[in-house]
Amino acid sequence: MIRPSGLGLAALAGLLSSPVHVQAQGRNATLLGAYNPGEYTNDIWGYVDPSTGKEYALLMTRTRAIVLDCSNPSAPVVRGTFSRSLSGWRASTWRDARTFGHYMYVVTEGGGGMQIIDLANPDSPTFVRTHTIPGRSWNNTHNISIDTDAGICYVVGTSGGMHVMDLNANPTDPTYLTTYTAEYVHDMQAQDGLAYLAEINRQQFRVVDVSNPSNIVSLGSSFNASCHTAFPNRTGTVAVATTENFGGGMTIYDVSNPAQPRQLSTWATGGSVTSVHNAFILDGVIHASYYSEGYRALDISDPARPVQVAYYDTNASSSGFDGAWGCYPFQPSGVVYMSDQSNGLMVLDPLSRAEHYGDPVAGTGGVAPTMHTFGAPYLGNANFAVEVADAQPLVQGLFLIGTAPLSVSFGGLTLLVDTTLGVDFPIATDAAGEARMSIAIPNSPGLLGLTLHAQCFVQDAAGPLGYATTDGLRFSVFLP
């Protein structure tokens, strides 16, 4: 990835600062809204309606899957509930869901196959059917993972192995590909032809080649005690694995060579009586559900030195495996959905987030470039950067950084950043269609509360006026 020289924030530092929000239950994270289903809650996922941009939480409980409209995050509204009345539905302490297109796929340790729910109209979702694989046991399924780019579904933690299915031809009747039985897989994530496996029984973090999902090949592994989950960053250079036991925390790996995963650092909190559950990486920040320790966010822009940048205690429990079960940090608004076993859905607003706004403009193949932060914009973070991805390779472009948003259209393009009090910076994409601009944040208190807006224009012959653009991205400087 090409990394141009950095932009100094001192040029933008003459604005008034605002105090950092701190509260008894956490730091740098605010509770926006909540919904308690009145029963034991387990996992959480999210969905965005592509036609309206409305955001939804998909909350799992012991007996139900609940679709909640969170377009007003302070007041989640139930739009659909699916329970035992459905074919194959069973009560379970473990229920997990993922999405592909406008479908939600639900599995449980209670068995009964995989329930498919249509979210084409998420304000009135409908049950489609229960899917099973003839001749394959589905007496229990601990988790599900979907590579949404490849359209491949993996159901894991079953007594019969990891079942792999293709969703592309018919998302409501997946095509069975294979069952991986080399080792019990507790959780996993696949992207770009690789999958990152948590082998909890063998105590291994493993990387496998799934470019041919019918023939999965092991590439490399590393010891990880009670390895519960595994998740890579967007570029497949770093991954996080969680250890689910007393005193268990997170291990961060260099996976740039998948044949030799290399431990870079570990991080834990709460001492020997606490444990982490699930963790995800988004734009250089780990978001974790940490049982009795609640929500935890770690900046890993330097993965050898993770820095906690936000937390929120979701439960009064101070030890053990009560409290925060699941975590979903991928909504465009930047809010984080947490599921607490006793308290249900909690919608959090961490200061470490970046919020997307406006609309991108697509170029070649109808693909629009995407905008990302790299790390959290905290005071003193010399590694913070903004990135563009999914652009045309080896082309010129322009990063725009300003202190206010804008919405001015011209020739089919929309300018989303007011550069009157800002700067523009020329960039060139690399062979993967990516570029990065460093925005080192000085340790200057005068920057606290400074909100910046960013957008990128990149050359693309198929786009209006020969350009494609990202949407807008806003983020604020805060104290970790």
Checklist entry - Any sub-3.5 Å donor-acceptor pair from Asn140's side-chain atoms to Gly157's backbone N or O? => result yes
Checklist entry - Do Ser289 and Trp325 have side chains that get closer than 4.5 Å, going by heavy atoms? => result no
Checklist entry - Do Ser318 and Ser292 come close enough that some side-chain heavy atom pair is under 4.5 Å? => result no
Item to check | is_close_aromatic(Tyr196, Tyr253), centroid dist under 6.0 Å | outcome: no
Checklist entry - Do the numbers put Arg296 on top of the ring of Tyr311, so that NZ or CZ is under 6.0 Å from the six-membered ring centre and no more than 45° off the axis? => result yes
Checklist entry - Going from CG on Leu298 to CD1 on Ile281, what distance comes out if it is rounded to the nearest 0.5 angstrom? => result 10.0 Å
Checklist outcome for this item: On a heavy-atom basis, the closest approach of Val285 and Ala297 is CG1-CB, 4.2 Å
Item to check | Under 3.5 Å donor-acceptor, Glu55 side chain and Ser333 backbone | outcome: yes
Item to check | Side-chain donor-acceptor pair present, Asp302, Asn383, cut-off under 3.5 Å | outcome: no
Checklist entry - Considering only heavy atoms from C-beta outward, does the side chain of Leu345 approach that of Cys70 to under 4.5 Å? => result yes
Next on the checklist: Quick one: does any side-chain atom of His228 pair with a main-chain N or O of His277 as donor and acceptor, under 3.5 Å?
Outcome noted: yes
Item to check | For Asp299, all residues meeting salt bridge (charged side-chain N to carboxylate O under 4.0 Å, His left out), sequence neighbours excluded | outcome: none
Next on the checklist: Testing the basics here: between Tyr295 and Ser352, what is the closest heavy-atom pair and its distance to 0.1 Å?
Outcome noted: OH-OG, 4.4 Å
Next on the checklist: Main chain of Tyr337, side chain of Gln331: is a donor-acceptor contact present, judged purely on distance under 3.5 Å?
Outcome noted: no
Next on the checklist: Any donor-acceptor pair under 3.5 Å linking the side-chain atoms of Glu293 with those of Thr274?
Outcome noted: no
Next on the checklist: Under the criterion side-chain contact (heavy atoms from CB on, under 4.5 Å), I'd like the reasoning laid out for Ile252 against Ile286: C-alpha separation, chi angles, the key distance, then a yes or no.
Outcome noted: CA-CA 10 Å; Ile252 300 164; Ile286 293 175; 4.0 Å; yes
Checklist entry - If you round to the nearest 0.5 Å, how far is SG of Cys456 from CZ of Phe399? => result 4.5 Å
Checklist entry - Sequence neighbours excluded, which residues qualify as salt bridge (charged side-chain N to carboxylate O under 4.0 Å, His left out) partners of Arg79? => result Asp69, Asp123
Next on the checklist: Whether the side chain of Gln341 engages the backbone of Gly323 through a donor-acceptor N/O pair (distance < 3.5 Å, no angle test) should be reported.
Outcome noted: yes
Checklist outcome for this item: Between Gln203 and Ser226, the two heavy atoms sitting closest are OE1-N, 3.3 Å
Checklist entry - Quick one: are Thr237 and Val255 in side-chain contact, heavy atoms under 4.5 Å? => result no
Checklist entry - Between CD1 of Ile44 and OG1 of Thr61, what distance do you get to the nearest 0.5 Å? => result 11.0 Å
Next on the checklist: Less than 6.0 angstrom separating the ring centers of Phe280 and His287, yes or no?
Outcome noted: no
Checklist entry - Side chains of Pro350 and Tyr312: closer than 4.5 Å at any heavy-atom pair? => result no
Item to check | Polar side chain donor-acceptor pair, Gln189 to Ser145, under 3.5 angstrom | outcome: yes
Item to check | Heavy-atom donor-acceptor pair, Asn28 side chain to Val309 backbone, under 3.5 Å | outcome: yes
Checklist entry - To the nearest 0.5 Å, how far apart are SG in Cys153 and CE in Met114? => result 4.5 Å
Checklist outcome for this item: Result for side-chain hydrogen bond (donor to acceptor under 3.5 Å, both in side chains) between Thr229 and one of Asn278, Thr242, Thr243 points to Thr242
Checklist entry - Should Leu31 and Leu348 be marked as a side-chain contact (heavy atoms from CB on, under 4.5 Å) after you check the CA-CA gap, both sets of side-chain angles, and the distance that decides it? => result CA-CA 5 Å; Leu31 178 65; Leu348 303 180; 3.8 Å; yes
Item to check | Polar side-chain atom of Tyr291 near backbone of Ser317 as donor-acceptor pair, under 3.5 Å | outcome: no
Checklist entry - Between the main-chain N or O of His372 and the side-chain N or O of Arg234, is there a donor-acceptor pair closer than 3.5 Å? => result no
Checklist outcome for this item: Closest heavy-atom pair, Thr370 versus Asp390, reported as atoms and distance to 0.1 Å, is OG1-OD2, 2.8 Å
Checklist entry - Do the non-hydrogen side-chain atoms of Ser275 and Phe321 ever get within less than 4.5 Å of each other? => result yes
Checklist entry - Minimum heavy-atom separation for Asp471 to Leu416, with atom names? => result C-CD1, 3.7 Å
Checklist entry - Looking only at atom types and distance, does a side-chain atom of Asn42 sit under 3.5 Å from a main-chain N or O of Thr93, one as donor and one as acceptor? => result yes
Next on the checklist: Between Trp45 and Phe330, does the side-chain contact (heavy atoms from CB on, under 4.5 Å) criterion hold? Intermediate values first, please.
Outcome noted: CA-CA 9 Å; Trp45 204 244; Phe330 303 109; 4.2 Å; yes
Item to check | Exercise: do Thr52 and Asp49 side chains pair donor with acceptor under 3.5 Å | outcome: yes
Item to check | Pair Arg436 + Glu434: basic N to acidic O under 4.0 Å | outcome: no
Checklist entry - For the residue pair Tyr56 and Tyr47, does the interplanar ring angle fall in the parallel (under 30°), tilted (30 to 60°) or perpendicular (over 60°) class? => result tilted
Item to check | Ionic contact status for Glu39 with Arg64, cut-off 4.0 Å | outcome: yes
Next on the checklist: Angle between ring planes, Tyr103 versus Tyr105, binned at 30° and 60°: parallel, tilted or perpendicular?
Outcome noted: tilted
Checklist entry - Taking all non-hydrogen atoms of both residues, which atom of Ala440 and which atom of Ala382 are closest, and how far apart? => result CB-O, 3.7 Å
Checklist entry - Can Val78 and Leu68 be said to form a side-chain contact (heavy atoms from CB on, under 4.5 Å), step by step? => result CA-CA 4 Å; Val78 175; Leu68 293 129; 3.6 Å; yes
Next on the checklist: Is there a side-chain contact between His453 and Asp418 in this structure, where contact means two heavy atoms from C-beta onward sitting under 4.5 Å apart?
Outcome noted: no
Checklist entry - What is the distance from atom CG of Leu167 to atom CG of Asp147, rounded to the nearest 0.5 Å? => result 10.0 Å
Item to check | Donor on one side chain, acceptor on other, Gln25 and Asp313, under 3.5 Å | outcome: no
Item to check | Donor-acceptor pair, side chain of Trp89 and main chain of Thr63, under 3.5 angstrom | outcome: yes
Item to check | From Thr414 atom OG1 to Gln455 atom CD, the distance as rounded to the nearest 0.5 Å | outcome: 8.0 Å
Checklist entry - Between Arg95 and Asp43, is any pair of side-chain heavy atoms under 4.5 Å apart? => result no
